[in-house]
Amino acid sequence: MQRQFFEMPTLIVARDLLGKRLVRLAGEQRVAGYIVETEAYRGEEDLGCHAHAGLTPRTRIMYGLPGYAYIYFTYGMHWMLNFVTEAPSFPAAVLIRAIVASEGLEFIASRRNGQPPRSWTNGPAKICRAMEINGALNGADLCAENSQLFVEKGKDIPDSFVTTTPRVGLKNVVEPWKSIPWRFVSTLPHHLLSEAT
DNA sequence: AGCACGATTAACT
DNA sequence: GTTAATCGTGCTC
């Protein structure tokens, strides 16, 4: 996807990322999967968004150009992958919450040892663990020619297979941010994702 | 300088 | 359904 895709309003980007292919090049290894769950975080007004604290060392990437990776560490052990959206003057990003693995399955399996395929990448930190995504990729340009992390066109998901719900894990966030339906989930059967569009 | 908590996960009961 | 693991971040003192 080109920069102009990520420049669009965050809710549109979050919706349209469903079905697209997340690709990670780890050395010679290509690892990929279809995005099936996202969440939108937009602006300092959004009390669920890290940018509610303003411009800090942690949030500076969200105050930069769209199409860059905002990757942060939480719970003392987990990495989370986000894509920066909209103009630099408006801090916003889309959290990638789940993908269906399609390439590099052996690589993923080895990094998710002991877990069944169903549990490989069905959570934001699981994706990062499975694809070797960490702080070293924070600030990476997804639109650069030789990027190790980028998004490709995949399978278009019809509106009839898209569900929205409140965002996950915002336990102590006040309304309306706690319940605003900015989580996007693809309900398309996983086996249909691998077909050509 | 200290502290409460988190855009979670895996392993329990 | 419950809970420990584990530490960077941002806020208060």
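Just so we're clear, the structure is a prediction, and the values are computed from it rather than from any experiment. Computation of the quantities below employed the complete heavy-atom set of this structure, encompassing side-chain atoms and omitting hydrogens, waters and symmetry-equivalent molecules. Every chain is numbered from 1, with letters handed out A, B, ... down the list of sequences.
- Both A:Met1 and A:Leu17 are part of a single hydrophobic cluster, where members link through side-chain heavy atoms under 4.5 Å apart.
- Applying the 4.0 Å criterion to OP1 and OP2 of B:dT8, one finds that A:Lys171 has every side-chain N and O outside that range.
- If you check the side chains of A:Tyr63 and A:Glu44, you find a donor sitting under 3.5 Å from an acceptor.
- Using a 4.0 Å cut-off between a side-chain N of Lys or Arg and a carboxylate O of Asp or Glu, A:Lys153 and A:Asp16 do not qualify as a salt bridge.
- Atom pair A:Phe184:CZ and B:dA7:C1' shows a separation of 15 Å (rounding to whole Å applied).
- Here the nucleotide nearest the side chain of A:Tyr70, chosen from B:dA10, C:dG8, B:dA7, is B:dA7.
- Nucleic acid contact for A:Arg129: none, since no nucleic acid atom lies under 4.0 Å from a heavy atom of the residue.
- Checked against B:dC5, C:dG10, B:dT9, the side chain of A:Asn172 finds its nearest nucleotide in B:dC5.
- Taking atom CG on A:Asn138 and atom P on C:dG8, their separation rounds to 14 Å, with Å as the unit.
- Rounded to a whole Å, the NE2 atom of A:His52 is 7 Å from the P atom of C:dC11.
- Between B:dA7, B:dA10, C:dG10, one nucleotide has an atom nearer to the side chain of A:Arg112 than all others, and that is B:dA10.
- Across all strands, A:Gly169 comes closer than 4.0 Å only to sugar-phosphate atoms, never to a base (heavy-atom distances).
- Comparing the C1' positions of B:dC5 and C:dT3 gives an interatomic distance of 16 Å, to the nearest angstrom.
- Closest to the side chain of A:Tyr75, from the set B:dG6, B:dA7, C:dG10, is B:dG6.
- Of the listed nucleotides (C:dC7, B:dT8, B:dA7), B:dT8 has the atom at the smallest distance from the side chain of A:His78.
- Nearest to the side chain of A:Thr56, among B:dA7, B:dT8, C:dG10, sits C:dG10.
- Across the protein-nucleic acid pair, A:Leu47 atom CG and C:dG10 atom P stand 15 Å apart, rounded to whole Å.
- Here A:Leu170 lies in heavy-atom contact (under 4.0 Å) with sugar-phosphate atoms only.
- For the atom pair OG1 (A:Thr121) and CD (A:Glu37), the distance works out to 10.5 Å, reported to the nearest 0.5 Å.
- For A:Arg97 and A:Glu39, the salt-bridge test passes: some basic side-chain N is under 4.0 Å from an acidic carboxylate O.
- Here B:dT8 is the nucleotide among C:dG10, B:dT8, B:dA10 with the atom lying nearest to any side-chain atom of A:Pro124.
- Relative to the side chain of A:Arg58, the nucleotides B:dT9, C:dG10, B:dG6 differ in distance, and C:dG10 lies closest.
- Taking atom CE of residue A:Met77 and atom C1' of nucleotide B:dA7, one finds them 15 Å apart after rounding to whole Å.
- Listed candidates were C:dG10, B:dC5, B:dA7. Nearest to the side chain of A:Cys49 is B:dA7.
- Separating the NZ atom of A:Lys126 from the C1' atom of B:dT8 is a distance of 9 Å, rounded to the nearest angstrom.
- Distances shorter than 4.0 Å separate some side-chain N or O of A:His50 from OP1 or OP2 on B:dA7.
- Of the candidate nucleotides B:dA7, C:dG10, B:dT8, B:dA7 has the atom lying nearest to any side-chain atom of A:Met62.
- In this structure, A:Leu55 places its CG atom 10 Å from P of C:dG10, rounding to the nearest Å.
- Each of A:Asn122 and A:Phe73 was matched to the nucleotide of DNA chain B holding its nearest heavy atom; the match closer to the 5' end belongs to A:Phe73.
- Comment: A:Glu132 engages A:Arg111 in a salt bridge, judged by a side-chain N to carboxylate O separation of less than 4.0 angstrom.
- Separating the CZ atom of A:Arg60 from the P atom of C:dT9 is a distance of 11 Å, rounded to the nearest angstrom.
- Of all nucleotides present, none satisfies the Watson-Crick or G-U wobble test against C:dT6 with each distance under 3.5 Å.
- Aromatic pair A:Tyr72/A:Tyr70: ring centres closer than 6.0 Å.
- Evaluation of atom-type donor-acceptor distances gives a pair under 3.5 Å for the side chain of A:Tyr72 against the base of B:dA7.
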